[in-house]
Amino acid sequence: MWAVGRTHPGLRRPSNEDSAFVGHRLALVADGMGGHDFGEVASTIATGAVVGLDDPNPGGEEPRTLSAAVVAADEQLREAIARTPALRGMGTTMTALLVQDDEVTVAHVGDSRAYLLHDGELSQVTSDHTVVQLLVDRGILTPEQAVSHPRGNLITNALQGEPEGVHVESVVRPAHPGDRYLLCSDGLSDVVADPAIREALLVSDPDTALDRLVALALDAGAPDNITCVVVDLRADPPDPPDPPDPAERAAPYLLGAARDVADDHASRGTAV
Ligand SMILES: [Mn+2]
């Protein structure tokens with residue numbers, strides 16, 4: 001896979017609580033919440049708990065599956081809250097993609113989304129863990145009503161270190177060379193409709209696609225932090241570019257809150 005990511009604070013939020021990671025075989029987006037700076041803490045801890053999976057031969061006690069790694073992220077939040085009770089109430093979404101052998105696994109908690117562009121057609125891989133999606137699933141709201149629903153952002157499932165644990169939803173798909181995945185926080189998907197997302201993703205250069213996606217969200221007012229990761233499944237990816245600066249060399253593949261950088265960009269990849 002070949003992954004590029006970008007995060008932008010948007011136009012109305014004082015800080016960027018989103019985190020992201022792009023690796024050799026793992027990519028993820030995490031949208032932190034909780035007020036003060038706690039959302040940044042939550043998305044950073046959760047991202048750190050999962051990134052070890054980018055190593056195909058992790059040592060010791062590292063989780064071996066994506067859903068186990070996401071559960072481990074929730075446990076790390078629980079431990080952080082036990083150490084520092086003031087952090088209670090912090091939480092984060094997590095939408096993570098792992099390419100392993102001939103399969104793509106997408107695991108998610110919350111309302112950060114994964115989309116798939118396959119043969120020019122866009123489909124949503126994840127189902128939002130939100131009150132509004134629940135009402136759509138039960139036939140109480142139509143998808144059209146859901147788009148403009150005032151409580152659209154209320155999520156029903158997040159990594160929050162709660163005693164009862166977390167429900168991780170996973171999807172496994174065949175890894176087709178040529179497929180393109182988009183992982184994004186709701187700062188994109190709340191304000192940019194699927195046809196516009198599809199059009200941006202049809203541009204073959206992934207960096208240009210990211211530019212267009214972020215520009216669409218900014219044009220729509222960007223009320224929230226915007227994070228997008230484009231993952232291309234390529235049999236033969238190009239060489240990764242040199243990291244642009246020493247700071248990026250030190251922590252090259254984390255973005256956003258996980259790196260304490262508000263407006264950020266990184267890329268990495270290997271052949272599938
Ligand atoms: Mn958000």
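Remember, it's 1-based here, ligands and their atoms both numbered in the order they're listed. Below, all heavy atoms of this structure are taken into account, side chains as well, without hydrogens, waters or symmetry copies.
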Does any pair with a residue in residues 68-116 pass ring-ring contact (aromatic ring centres under 6.0 Å, His included), and if so which ones, sequence neighbours excluded? H108-H129
Residue list, side-chain hydrogen bond (donor to acceptor under 3.5 Å, both in side chains) with T47, at least two apart or on another chain: none
Would D18 and T227 count as having a side-chain donor-acceptor pair, cut-off 3.5 Å? yes
Donor-acceptor contact present, side-chain S112 to main-chain A30, <3.5 Å: no
Kindly indicate whether the side chain of L213, heavy atoms from C-beta on, has any atom under 4.5 Å from the side chain of L201. yes
Using a cut-off of 2.8 Å, how many protein N, O or S atoms lie below it in distance from the Mn ion (ligand 1)? 3
Contacts of V125 meeting side chain to side chain contact (heavy atoms under 4.5 Å, CB included) (sequence neighbours excluded), chain-then-number -> V106, A114, L116, V171, R173, Y181
